[in-house]
Each structure stands twice: as structure tokens, then as C-alpha cells.
Amino acid sequence: MINVILALMLGYAIFVFVERFLALRKATREEAGLISKIREYIMDGKIEMAKDYCSRSNSPSARMLEKGIARLGKPLDSISATIENTAKLEISRLEQRLSFLATAAGAAPMIGFLGTTVGMVIVFIDLQNATALELGIIAPGIMTAMITTVAGLIVGIIAYVGYNFLVARIGRVVYQMENDALEFMDLLNEPGK
């Protein structure tokens, strides 16, 4: 039963990792010169074209900037707040299901250790009922104990490494979003705009 739970956790952890990895890879494929193209459109007064350009891009930065462009004409504080709120939503979207990996990284070894304890209890029950000490009596319980421990550690290590890898990738996306937001706000604060 414990190995089934661990196998399910491993399967879902791999699914989450692959799905989030592909989503993050897609999110980091931002068109080169996104800000410069938006700058060009805004300087030429082509606000709708700038919004359209952002809507065609599927990057978190583009979606964030599209909301800011839609608020042009409003006070800069309002535009900044809109960009900030949209960025929070985008980050939340990027972090979907990541908490499972963190939970699995901690819970899987504990579930494995539970299996170890159950295996050792089986060994002692079998020894209590045995008339003589034989390897065939204690081996199944010890094997259960070791297999669940190894399985729990494998699942935990995979989930831990996957979680940290994805968190680092999200950090890079967040940095790019912050940089794009700052450049956009600088654009709006330029003299003559």
C-alpha cells in the first residue's frame, strides 16, 4: 500500500515537473525587443497596435504590459498598480501546482520511513510467532522496510530537485517581468510623453 502511494506521488511529481517546465519554457520565449517595439508604437501614438502586439505574444511580460497599455491616460500610480497586480497574477499562474513538489519532497521520505516501521513491526510479529529464527521469516519484513525507505527517498529527491529547478526558472521569469515593467514605466516617465 505504501509503495502504491509513493508510486502515485512519483507519477504526479513527474507530471507536475514536465508540465511546469514546458509552461516556463514557453513563458521565457519572449520576443526579442518586446519593450523597444512597444516603445516605438507608443511614441508614434499607436496605442492599439501596442496592445495588439502584446496580445499576440503569450509571454507573462507581454500580458502584464498589455494591461498597463490599456490604462494609458490614467495616472501613473494607477498604471503601476495595474502592472503590479497583473504581475502577481502571472507569477501565481507560473507557480501552479509547485506546492505539490515541495510537499512531496518532504512527505515522500516520511511515508517511506512509515513503510520501514511497518516492515519492522511485521518482522517482530513474525518472529514472535516463529518457533525458530530463520532467514525466511525475517527477510520479507526487512525487505519491505528497505524498499519503502528507498522508494520514499527516490520520490523525495526527485521532487526536491524538480522543485528547486522550477523555482530558479520562475525567478528568472520574474526578474524579466520586473525589468520589463521598469522599462515600461521609464518610457511613460520620459519627458515629452
Side-chain angles (χ1 to χ4, degrees), residues 1-32 34 54-68 81-126 136-181:
M1 183 64 184
I2 290 173
N3 285 330
V4 171
I5 292 169
L6 290 171
L8 290 173
M9 284 178 80
L10 177 63
Y12 191 65
I14 290 171
F15 165 76
V16 169
F17 176 79
V18 169
E19 188 272 333
R20 286 291 87 201
F21 176 77
L22 294 174
L24 286 168
R25 193 170 76 176
K26 186 177 176 184
T28 55
R29 272 196 240 140
E30 183 177 302
E31 296 93 38
L34 173 72
C54 287
S55 67
R56 282 180 295 178
S57 174
N58 201 21
S59 72
S61 287
R63 286 191 294 269
M64 175 187 68
L65 295 176
E66 181 183 5
K67 294 291 186 182
T82 299
I83 288 174
E84 187 177 326
N85 289 335
T86 305
K88 287 177 185 175
L89 291 172
E90 291 297 327
I91 293 167
S92 174
R93 188 178 295 155
L94 291 173
E95 293 176 340
Q96 283 178 336
R97 291 183 287 286
L98 223 56
S99 61
F100 174 79
L101 290 179
T103 301
M110 299 312 255
I111 293 170
F113 294 144
L114 174 64
T116 300
T117 305
V118 169
M120 294 314 290
V121 167
I122 290 171
V123 167
F124 286 118
I125 289 172
D126 290 343
I137 294 173
I138 62 172
I142 292 174
M143 188 130 154
T144 299
M146 294 299 105
I147 289 173
T148 57
T149 299
V150 169
L153 289 172
I154 288 171
V155 173
I157 290 167
I158 289 171
Y160 182 75
V161 170
Y163 174 80
N164 285 318
F165 176 82
L166 292 174
V167 165
R169 294 284 298 247
I170 289 171
R172 280 185 250 147
V173 173
V174 169
Y175 174 77
Q176 184 62 48
M177 289 172 63
E178 288 173 349
N179 189 47
D180 290 344

Do any N or O atoms from the side chain of [X] and from the backbone of [Y] form a donor-acceptor pair under 3.5 angstrom?
| X | Y | answer |
| --- | --- | --- |
| T103 | S99 | yes |
| N179 | Y175 | no |
| T148 | T116 | yes |
| R20 | L98 | no |

Practice item. Check the angle between the aromatic planes of F165 and F17 and answer parallel, tilted or perpendicular using the 30° and 60° thresholds. Key: tilted
Considering all heavy atoms, the nearest [X]-[Y] contact:
| X | Y | result |
| --- | --- | --- |
| V155 | A108 | CG1-CB, 3.5 Å |
| F100 | A13 | CE2-N, 3.7 Å |
| A151 | N3 | CB-OD1, 4.0 Å |
| R97 | V16 | O-CG1, 3.4 Å |
| P109 | G156 | CD-CA, 3.9 Å |
| A62 | C54 | O-CB, 3.4 Å |

I need the [X] [atom1] to [Y] [atom2] distance, nearest 0.5 Å.
| X | Y | atom1 | atom2 | result |
| --- | --- | --- | --- | --- |
| S61 | E178 | OG | CD | 10.0 Å |
| M177 | I83 | CE | CD1 | 10.0 Å |
| L153 | F113 | CG | CZ | 5.0 Å |
| R63 | S57 | CZ | OG | 8.0 Å |
| N85 | M64 | CG | CE | 12.0 Å |
| I147 | I2 | CD1 | CD1 | 12.0 Å |

Any non-hydrogen side-chain atom of [X] less than 4.5 Å from a side-chain atom of [Y]?
| X | Y | result |
| --- | --- | --- |
| Y12 | F15 | yes |
| L166 | L101 | yes |
| T86 | L65 | no |

Practice item. Take M9 and I111 through the side-chain contact (heavy atoms from CB on, under 4.5 Å) test and state the conclusion after the steps. Key: CA-CA 11 Å; M9 284 178 80; I111 293 170; 3.6 Å; yes
Practice item. Starting from the C-alpha separation in whole Å, work towards a yes-or-no answer on side-chain contact (heavy atoms from CB on, under 4.5 Å) for E84 and K88. Key: CA-CA 6 Å; E84 187 177 326; K88 287 177 185 175; 3.6 Å; yes
Exercise for review: State whether E90 and R93 are salt-bridged, where the test is any N-O pair (Lys NZ or Arg NE/NH1/NH2 against Asp/Glu carboxylate O) under 4.0 Å.
Suggested key: yes
**Study point:** Residue of the set V173, V174, D180 for which side chain to side chain contact (heavy atoms under 4.5 Å, CB included) holds with P60
**Key:** V173
Check your understanding: Would the number of heavy atoms belonging to other residues, nucleotides or ligands and lying under 6.0 Å from CE of M146 be above 12?
Key -> yes
